[in-house]
Every structure is written in C-alpha cells, then in structure tokens.
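Heads up, the thing below is written out as structure tokens.
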Amino acid sequence: MPEKNYDAQRIEMKWRRRWEQIPLYRAEANPARPKYYVLEMLPYPSGTLHMGHLRNYTIGDAVARYKRMRGFNVLHPMGWDAFGLPAENAAIERGLHPREWTLRNIAEMTRTLRRYAFSYDWSREISTCEPEYYRWNQWFFLKMLERGLAYRKKSLVNWCPECGTVLANEQVVDGCCWRHPRTPVEQRDLEQWFLKTTAYAEQLLADIRRLEGLWPERVLAMQRNWIGRSEGAEIVFRLEDGRPIPVFTTRVDTIFGATGLLLAPEHPLTAELVEGEGRLRVKAMIDSRAQKQLAEFDKEGVFTGRYAVNPYNGERLPVWVANFVLLEYGTGAVMAVPAHDQRDFEFCRKYGLEIRPVIRPAGGEPARADLLEEAFVEDGVLENSGEFSGLSSEEARRRMTAKAEREGFGRAAVTYRLKDWGISRQRYWGTPIPVVHCPQCGIVPVPESELPVLLPLNVRITGRGRSPLESVPEFVQAACPRCAAPARRETDTMDTFVDSSWYFYRYCDPRNDRLPYDPELIAYWFPIDQYIGGIEHAILHLIYSRFFCKVMRDIGLIRHDEPVRSLFTQGMVLKDGAAMSKSRGNVVGADELADRYGADTGRLFVLFAAPPEKELEWQDAGVEGMHRFLARTYRFLTRNAERARSGAAGEAEADRQALRKLHQTVRKVTQDLESRWHFNTSIAAVMELMNELHALEERLSGPVLQEALEKVTLMLAPFVPYLAEELWEELGRQGPVFDQSWPDYDQELAREEEAEIVVQVNGRVRSRIRAAFGASREELERRALEDDKIQGFLKGRQLVKVVVVPDKLVNVVVR
RNA sequence: GCCCGGGUGGCGAAAUGGGCAGACGCAGAGGACUUAAAAUCCUCUGGGAGGCGACUCCCAUGCGGGUUCGAGUCCCGCCCCGGGCACCA
C-alpha cells in the first residue's frame, strides 16, 4: 500500500468538522466514577493567543486527555476573565465600549483555541463580566458585609493629578503615573472598601503545610513570605502625660538598649506632637514615600521635643518621627535599638542618639559600641539589662514578655505583613459594589432580591476625572432600601481579582440562578485535582482564592479547606530573551503557527522542547523538526497499515526486538505521565521507538506491526489529537481515540534477555560483558576478572577488592 | 539584605533511590536519489592525543575541597545567572 503524505491542514479540517457534530468532552458529576478536575488559569481576552498562552493550555489538555484515557471522569472547563484595567484602557484607546472590546476578543480567542482542539467542556464556558456572574460576586460581598469581613475605611491611595483619578499600584511606574511619566503620583486619603483577609492570616499560613509536596516550593515560599508572620511582643511606652504608645518588636530582649522611640509619619500622634516647620517636613516625608523612590532613600527624622518612658527601666526616650517607620505594619511605632538593628543604627548615628549594646555573642567578649559595624541582630547573652542580664536572648524574651503581661504594660503578640485586600476601584469595568449611601441610614446594603446591580451601558469613558459611573445620574440616584429616601448609589467597582477568586466553583454549575453553585456538585468535583498556570499568580490570585475558599466554607457552602490539590506552574515562553507580549512585538501567534505547520506540530513542540516548568526560548527551527517527526510517522503508518492488518509473517527475532522496545516505551511513557510531567522524555521515547520500527520495518509480522502502531497512536493521543484520530482510522479502528483506554505493557515482554554488565577498574569503564539476568555475584566477579582487557589492567598491580552490583556493574579496585 | 530556583556539547535538553555523562531533537559535515532544486533516506558529529586500522588513552557536568570502590547526583566553602520580597522592627 503506498504511503500518504502528511497534510496537517486536511486532517485538522476533517476532524474539527466531525468533533463539531459530537459533544467532545461533556463531564457530568457521577459519584460512581472517579473524577479528575483539571484547569488552566483563566486567561483574559487580549485577542492575541500566543505560544506563551498555548503552552499553559496544551499542558492542561494533554493531562486531561491522558486522565480520560485512564478512565477518569474529567472536568476541563473554559472561561474568560474580564480583567478590568487592561480592558478599560484598551477600550479608551480604540473608542470602544469595554464590553464590546471584551466580547470581540473572546470570540477571536475562542476561535483559535478551538483550532488547537482543546478538550474543553464549552457547555460550561463562563465569562466573569456577565450579569449572572456580577450577581454572585455581589452576593458574596453582602455575605461578607454581614460578617464584618467587608468594611469601608479611609485609606491612602495613589492619585494622578494630571488624570484626576485613582491609580492601581501596578499603574505607578517609578513613582509617576504610567500615562504621565513626568507627573509624580500623590497620596490621597479616600474611603475605600476592604475585604478582611487578615482575619484568615493564620489559617492561610497554617494550611500551607498541607500543600507541601503538591504545590511548587517556590510558590509556598512566596506565600509564607507574603503573609509574613512575626512573633514578638507589644510593649506600651507612655508619654510623660500618660498617653500610651504601643510598640511591636520581635526583640524585646534588646529593649534595655532602646535609646529612642520612633513614630511613622502617618501615625495619629504625629500630627499632634509635631509643630511648626516640622509639619512641613513630615508632609514631605509622606509624599516622598508615596513615590516609591527606588528602595534607597536616606533616613530622616523630626524630633517632637517629647519623651516617652521605657516601662522596663523607667528611662526617658526622645520621641522622633522617622520616615522609615511604616504605619501599616505592627503598631506604626517602633523602639530604636541602634546597637542591634541596622536601620536604627543608621538613624541614630545620623541624629546623634546614644548607641548602647545590651547583647553580647554567647561566650564572646562584651560588645563595645565603638566596635559595632555590621554585626547586629544575632541572639546572644544579655548585659546591661537589669534583672535580665546574663540570660540568653531566648530566655529573656520569654521572661520579659511574662513580666509585661504580669504588670500590664504589654503582651505577647503576633503580627502579619499581610494586609486587608482593598477591592475598591474608581473605574467602570468591574462588578458594582452593591450598597447605597443614605443620608439618614448611612451605608445600606442592596437587598439580595435586587441583585445584580448592573453597570449602565450608556456611559462615557474618558479615563479622566473620577469614576465614570458618577456621571450617570440614573445609576447614582437610588432609593434607600431601608427608608426609601433619595440616596446615592456606591460608584466603586470591585477589583477583578474578586472574579477570579471563585470562578472555578461556578464552572461546576454555571447556570445556577438560585445560588452561586450547588454545594452537592462542588462536593463531587472539588478540590481541583490539578491547577496549571504561570508563576505570576503565585501570590495575589492564589492567596485571594484560598481566602475565598475559607470564607465560603465558613458561610456553610462547602466543606473543604483548600480549593486546589496540586498546583503546577509552567515556565514562560521567551522570544529573543523576553516573555512574549503583544506590546513587545515578539509574539509567535498561535494561528500563524497552525496555518504553517498545523496545530499538532505547535503542541508537540511546546511539549517536547523543554520540561514544562522550565522557561522555553522559542526557536522556529525546532518546530520543523517536530513536523518532520509527525510526517515520518504518518508515512510509516499509512504504508504499513494494510500489511499490519494482513497477518503477514515476519522474522521472529525482529518481532521480539520490536515488542521489547514497544513495551519498554509504553512503560516509560506511562511512568513519565503518572509521576512527573516530563512530556519531553515521553515524546523522545516514542521517537526512539519509531526509529527502531523503521530499522526493522520489512522484517516485522503483521500482528506485531498492528500492535505497535496502535500503541504508538494511543501514546501520541494526548499530545497530537488530530493526527492520532487520523492514524486510528487508518489502522481500521472505530471510535474516537480519546475514548480508548490507555495502552498497557507487559513486564515480561519488556525485559531484556541479557544484561550488559559494565566492568570498571577503579571506577573507570574498561570493558563490558553480557550475562543472564540474575547472575550471581560470584559469577559476575569471576567473569569480570577473566576478561582480557581487565587482565591487562591487573598486571603488576594488587587486587584490593571487587564491588558487584547485580545486573549492572562490576568495579575492580586495584592498587 | 532575606527567601527561592538554576549553572551539563554549537543550541533545546537527557541521565527518576550515587553506578556506561550527553538519550531524543535542532543546527552542522559528508554521501545516496535527482538534469537540478526541494523533499526524503543513509553515515558522522563534546574536546584533545596516538594508531593504516577494528581501536586505545587522556580531559570534560560553573570553581575549590571532601565523603565513596564509584559523584552531574551527597557534604562543606566560593563564583555566576534568574526570580520573589524588601527600611516588615
């Protein structure tokens, strides 16, 4: 039978048409079957689908297909994130409504994704900018409001005076507005909505331990770091008029070395204590810090002229305002211990405050202030610390904290770096926050029955002024739900990270109009077995969604504590050393590639070129190699398909050899896919097998050819879906290949007949011998020593010992 | 500064619990087919030295030590690259 040429386009078109006729992957909850929920992180519809995205989806798709062939009920849904700011900005530039822009791009990207034959369950497609999704965002918001987990407070925000609008942190570049690079950003005090993530700080941290081994260590480390738990003590210093200034420290043991008390510029007491020209300097501090000057700005302070009393020794400490003290961390005030803290040291040296060592290294010389250079922080033995002198740092911390508690001037305390999540955006494109401001009743939540509060469509978005919603009277004017008086509707919208925090729950039940989802369905599908995405979401998205999970659990909707069992972070796809992005103009488009080589080739390349967690430098040359392999395989199969079915005879030895390699390959690929996703080595193994089949081609019998070709097709199915379907049909088999079972292997057939034993002399390979598997140590040793080459090395030397590793190696040690 | 990764041919990479370093692919060289090209197929390809030759020896996994019969893999000390956090008290 003549071979056929590989026409990737024809094959793709053919199968795409057929797949459109049948629901490809429709997963229904079925408690009788084991489930597998695999998901790639939600993309936002930028319109361009490039190889960076494609790598993410291809990995998930390969896993989904494999798991399906292993008999799992696979849920693999697909949806889109509205991603507020980029959408709104892109829309402004093009004079489009953000909604129009988003829907257009979703349509475009869906078309391309379908081309790559992803195994998504499109019946579950959701888009987070749809009213039914807003409704449940708002529903969750109200639940949190009820529980005190959502609140409003005044807070400093970035403000661009040129745009006259609030900026998100990401929009501040080098202290200036991203659109006005010469306009410094100011800080403004505005009322903002927050979700109380800090209420779950301890749980978020503690549960990280359950994710160990299942999530990449690097992600866990980042999250631990971000939550930033510190154990220490809160000690109350008092001004001479008796007013308290609590201070948080992890080093109470150094408190006898405190020679000053430092307040954050924004600290409530600052404004009161600082007078005259000092006020201007404090204001300057606040503004300069807003500009996030590249890390290093000089330490500065303003003396308040007041003193505070150290409760441990009654000492009077000067109270300063210092620009490096953070209001948001701890209590917004710190004690200055210049002898044992780098920052305090720099500050006190600059302003001439006393530097007094109170810790010496265990077993070392007493510390001397004039010798202090960089050796701070370390624990040691206390000195000059009254009743605590002579104690170890650890012991001292315990006793000093106990004393503070006993005498009522302090307590043990834990502080977190994690802050509450500011969700207010003075922007249009996001879920409206469902509350109304009533002149009589204050903040009144919109009743559940009136949800969703929808965005008005007739709005002019200019990117200037405050929220565009403020200039839509029909939206702003509302009746108070409580007293029916005229009231003002909240115009802040939610951060779109709220959307992405729970979208994977909605997938399980996307059309539910009574609840965000049916808890029963969640109980079946959750947790997500495998979540796949880029490292850039390690902190924000993955902490927010863990937080949401815990809140939903406490509301009583779900029972599990963590949403995601295993997390996989794939490496970026680089082009010319930089991440692909439209703005950089270095994208390799997914469509363009599919036009040239076919989608299968593109998929195979991103899976083959490197292990999926590594970064991948895109090389067009490598793509051609993948295409060659597929073409070669296709030709081989088509020219042998007839003979394979014929039952033709072959050479026994060739058959044995081919079967051995075949079963070894199935074993290797199966193990690779089960334990670690090194698709590159799986694919390499199939290539090796094909090379072997080429070498044996004419000598193989029909049945062996058939078995080999079928198994090759099945093994390729997770990676190259179109070609696999076509090959399956060429082999005369019925039914879609993704419905077949994963091929199995036979350990006996996979076994080599003889072992090749490496013979080393002093650890260097000098010869090889062949021996039956299971040959005894004695036999191997004897055979090795008899070997001609080894004899040569033994001449004139003394045999010291022989190390034998059965079936593998003999090492002869000589002197 | 602190916390994570990582460093192997010309390139992407393999080597899964210490046991043949460089599988598989790309690029390159030579050859076959062809009027020619493309495509395809075959052979070679880490560096060095020796031999007419089948071959033999030496060097080689960022650098320096160590453990071991044996180290890319384990331990100690450095160097370099990438990433995250960063006056977090």
Side-chain angles (χ1 to χ4, degrees), chain A residues 3 5 216-226 228-230 232 247-252 254 262 289 295-299 322-326 328-337 340-344 346-347 374 376-377 415-419 535-536 538-539 571-572 604-605 608-611 613-626 628-629 631-632 635 668 671-672 675-676 678 680-691 694 756-768 789 792 800-805 807-814:
Chain A
E3 66 184 26
N5 275 321
E217 192 43 51
R218 159 172 85 126
V219 173
L220 299 182
M222 279 190 218
Q223 293 212 355
R224 279 196 199 98
N225 212 315
W226 188 260
R229 184 193 146 99
S230 293
V247 157
F248 175 77
T249 177
T250 54
R251 295 295 308 271
V252 208
T254 65
L262 311 180
R289 191 151 78 192
E296 304 285 326
F297 51 87
D298 288 332
K299 297 196 165 36
N323 64 344
F324 65 94
V325 178
L326 303 172
E328 320 83 67
Y329 187 78
T331 60
V334 300
M335 62 182 193
V337 185
H340 300 293
D341 183 281
Q342 173 82 45
R343 299 155 301 186
D344 297 346
E346 286 168 27
F347 184 83
E374 307 285 302
F376 298 98
V377 204
T415 301
Y416 299 91
R417 205 192 77 108
L418 185 72
K419 293 181 214 155
I535 186 71
E536 67 274 18
I539 300 181
M572 280 188 298
L604 196 65
F605 177 72
F608 176 76
E613 70 275 12
K614 262 191 95 158
E615 289 191 345
L616 167 63
E617 174 70 34
W618 184 265
Q619 287 181 347
D620 289 326
V623 181
E624 277 169 38
M626 291 306 99
R628 267 202 291 274
F629 166 70
R632 205 163 109 100
R635 287 196 309 269
K668 160 115 183 100
Q671 284 169 356
D672 273 1
S675 58
R676 35 169 229 174
H678 280 200
N680 54 334
T681 56
S682 300
I683 295 165
V686 178
M687 286 175 170
E688 264 188 81
L689 171 61
M690 283 311 298
N691 290 346
H694 272 99
E756 190 181 63
I757 310 288
V758 172
V759 184
Q760 301 179 333
V761 177
N762 291 344
R764 317 191 64 130
V765 181
R766 298 299 183 184
S767 182
R768 292 148 208 281
K789 293 197 193 109
V800 179
K801 80 190 231 193
V802 180
V803 179
V804 181
V805 182
D807 298 342
K808 270 196 180 152
L809 152 153
V810 178
N811 189 10
V812 179
V813 186
V814 299

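Numbers restart at 1 for each chain; the letters A, B, ... are given by sequence-line order, proteins then strands. Fair warning: this is a prediction, and the values are worked out from it, not measured in the lab.
- With values rounded to the nearest 0.5 angstrom, A:Lys668 atom NZ is found 13.0 Å from A:Leu689 atom CG.
- In the set B:C57, B:C3, B:A89, the nucleotide with an atom closest to the side chain of A:Tyr329 is B:A89.
- Rounded to an integer number of Å, the gap from CG of A:Asn323 to C1' of B:A89 is 15 Å.
- Contact of A:Arg768 with B:C20 (side chain to base): a donor-acceptor pair of N or O atoms is detected under 3.5 Å.
- For A:Asn811, counting side-chain heavy atoms from C-beta on, the closest listed nucleotide (B:A89, B:G70, B:C59) is B:G70.
- Annotation: cation-pi geometry not satisfied between A:Lys299 and A:Phe347 (NZ/CZ under 6.0 angstrom from ring centroid, within 45° of ring axis).
- Using a 4.0 Å heavy-atom cutoff across all strands shown, A:Val813 reaches sugar-phosphate atoms only and no base atom.
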Exercise. Going 5' to 3' through nucleotides 37-50 of chain B, assign each nucleotide B (protein heavy atom under 4.0 Å from a base atom), S (under 4.0 Å only from sugar-phosphate atoms) or - (no protein heavy atom that close).
Key: ---SS---------
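- Using a 4.0 Å heavy-atom cutoff across all strands shown, A:Met626 reaches sugar-phosphate atoms only and no base atom.
- Between A:Ser230 and A:Tyr329, the shortest heavy-atom contact is OG-OH, 3.2 Å.
- Note on A:Pro611: only backbone sugar-phosphate atoms sit closer than 4.0 angstrom, heavy atoms only; bases stay farther off.
- Regarding contacts with the backbone of B:C59, a side-chain N or O of A:Arg764 is found under 4.0 angstrom from either OP1 or OP2.
- Using a 4.0 Å heavy-atom cutoff across all strands shown, A:Asp344 reaches no nucleic acid atom at all.
- A:Glu328 has its CD atom 10 Å from the P atom of B:C87, to the nearest Å.
- Among the atoms of the strands shown, only primed sugar atoms or phosphate atoms (P, OP1, OP2) are found under 4.0 Å from some heavy atom of A:Val765.
- Summarising the geometry of A:Asn762 relative to A:Asn811, their closest heavy-atom pair is N-OD1, 3.4 Å, with the distance given to 0.1 Å.
- Nucleotide B:G66 is shown with an anti base, its glycosidic torsion being more than 90° from 0.
- Put simply, the side chain of A:Ile535 reaches to within 4.5 Å of the side chain of A:Val219, judged on heavy atoms.
- With P as the reference atom, B:G51 and B:G62 are 33 Å apart, rounded to whole Å.
- Pairing each heavy atom of A:Val337 with each of A:Asp344, the nearest pair is N-OD2, 2.8 Å.
- The side chain of A:Arg766 places no N or O atom within less than 4.0 Å of a non-bridging phosphate oxygen (OP1 or OP2) of B:C20.
- Salt bridge annotation for A:Arg224-A:Glu217: present, with a cationic side-chain nitrogen under 4.0 angstrom from a carboxylate oxygen.
- Of the listed nucleotides (B:C58, B:G19, B:G25), B:G19 has the atom at the smallest distance from the side chain of A:Val803.
- Annotation: side chain of A:Thr254 is in contact with side chain of A:Met335 (closest heavy-atom distance under 4.5 Å).
- The side chain of A:Val334 lies closest to B:A89, out of B:C58, B:A89, B:G25.
- Using a 4.5 Å heavy-atom threshold, the side chains of A:Arg635 and A:Asn5 count as touching.
- Among the nucleotides B:A89, B:A15, B:C24, the one closest to any side-chain atom of A:Thr681 is B:A15.
- Backbone-only engagement by A:Glu688 is indicated by non-hydrogen atom pairs under 4.0 Å involving sugar-phosphate atoms exclusively.
- Heavy-atom minimum distance, A:Phe248 versus A:Gly330: CB-CA, 4.2 Å.
- In terms of polar N and O atoms assigned as donor or acceptor, the side chain of A:Lys668 comes within less than 3.5 Å of the base of B:U16 in a complementary pairing.
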Quiz item: A:Lys789 and A:Val761: side-chain contact (heavy atoms from CB on, under 4.5 Å), yes or no, with the steps?
Solution: CA-CA 10 Å; A:Lys789 293 197 193 109; A:Val761 177; over 6 Å; no
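- One interatomic measurement links the two molecules: CZ of A:Phe324 to P of B:A89, which rounds to 13 Å at whole-angstrom precision.
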Quiz item: Going 5' to 3' along nucleotides 80-85 of chain B, which nucleotides have protein heavy atoms under 4.0 Å from the base (write B), which only from the sugar-phosphate (write S), and which from neither (write -)?
Solution: ----BS
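- Between the side chain of A:Lys299 and the base of B:C87, a donor-acceptor pair under 3.5 Å is found.
- Consecutive Watson-Crick or G-U pairing (both distances under 3.5 Å) extending over three or more pairs maps onto RNA chain B as B:1-7 with B:79-85, B:10-12 with B:24-26, B:28-32 with B:40-44, B:46-50 with B:55-59, B:62-66 with B:74-78.
- Separating the P atom of B:A27 from that of B:A21 is a span of 29 Å, rounded to the nearest Å.
- Considering only side-chain N and O atoms, A:Lys614 lies under 4.0 angstrom from the phosphate OP1 or OP2 of B:A13.
- A:Gln619 places its CD atom 11 Å from the C1' atom of B:G10, with the value rounded to the nearest Å.
- Following rounding to the nearest Å, A:Lys808 (NZ) and B:G19 (P) show an atom-to-atom distance of 7 Å.
- Of the candidates B:C11, B:C59, B:C87, the closest approach to any side-chain atom of A:Leu326 belongs to B:C87.
- With C1' as the reference atom, B:U61 and B:G7 are 9 Å apart, rounded to whole Å.
- In this structure, A:Lys419 reaches neither bases nor backbone, as no heavy-atom distance under 4.0 Å exists between it and the strands shown.
- B:A13 atom P lies 10 Å from atom CZ of A:Phe605, rounded to whole Å.
- Between A:Met222 and A:Ala538 the shortest heavy-atom distance is SD-CB, 3.7 Å.
- Map A:Gly625 and A:Glu217 each onto its nearest nucleotide of RNA chain B; the residue landing nearer the 5' end is A:Glu217.
- The distance between atom CD of A:Gln223 and atom C1' of B:C3, rounded to the nearest whole Å, is 14 Å.
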Self-check item: Evaluation steps, side-chain contact (heavy atoms from CB on, under 4.5 Å), between A:Asp341 and A:Arg251
Solution: CA-CA 10 Å; A:Asp341 183 281; A:Arg251 295 295 308 271; over 6 Å; no
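- No contact: A:Gly228 has no heavy atom under 4.0 Å from any strand.
- Closest approach to the A:Phe608 side chain among B:C69, B:G12, B:A89 is made by B:G12 (side chain taken as heavy atoms from C-beta onward).
- As judged by a 4.0 angstrom heavy-atom cut-off over every strand, A:Glu756 is placed among the base-contacting residues.
- In this structure, A:Lys419 and A:Glu328 have side chains that are in contact, with non-hydrogen atoms separated by less than 4.5 Å.
- Under the 4.5 Å side-chain criterion, counting only non-hydrogen atoms from C-beta, A:Glu624 is not in contact with A:Gln619.
- When the C1' atom is compared between B:G30 and B:G22, the two are found 23 Å apart, to the nearest whole Å.
- The residue A:Arg229 sits apart from the nucleic acid: no heavy atom pair falls under 4.0 Å.
- Between A:Ser230 and A:Gly622, the residue anchored nearer the 5' end of RNA chain B, judged by the nucleotide with its closest heavy atom, is A:Gly622.
- As rounded to whole Å, 14 Å separates atom P of B:A27 from atom CH2 of A:Trp618.
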Quiz prompt | Stepwise side-chain contact (heavy atoms from CB on, under 4.5 Å) test for A:Met626 and A:Met687 | solution = CA-CA 10 Å; A:Met626 291 306 99; A:Met687 286 175 170; 3.7 Å; yes
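- Taking atom P on both nucleotides, B:A32 is separated from B:A37 by 12 Å, rounded to a whole Å.
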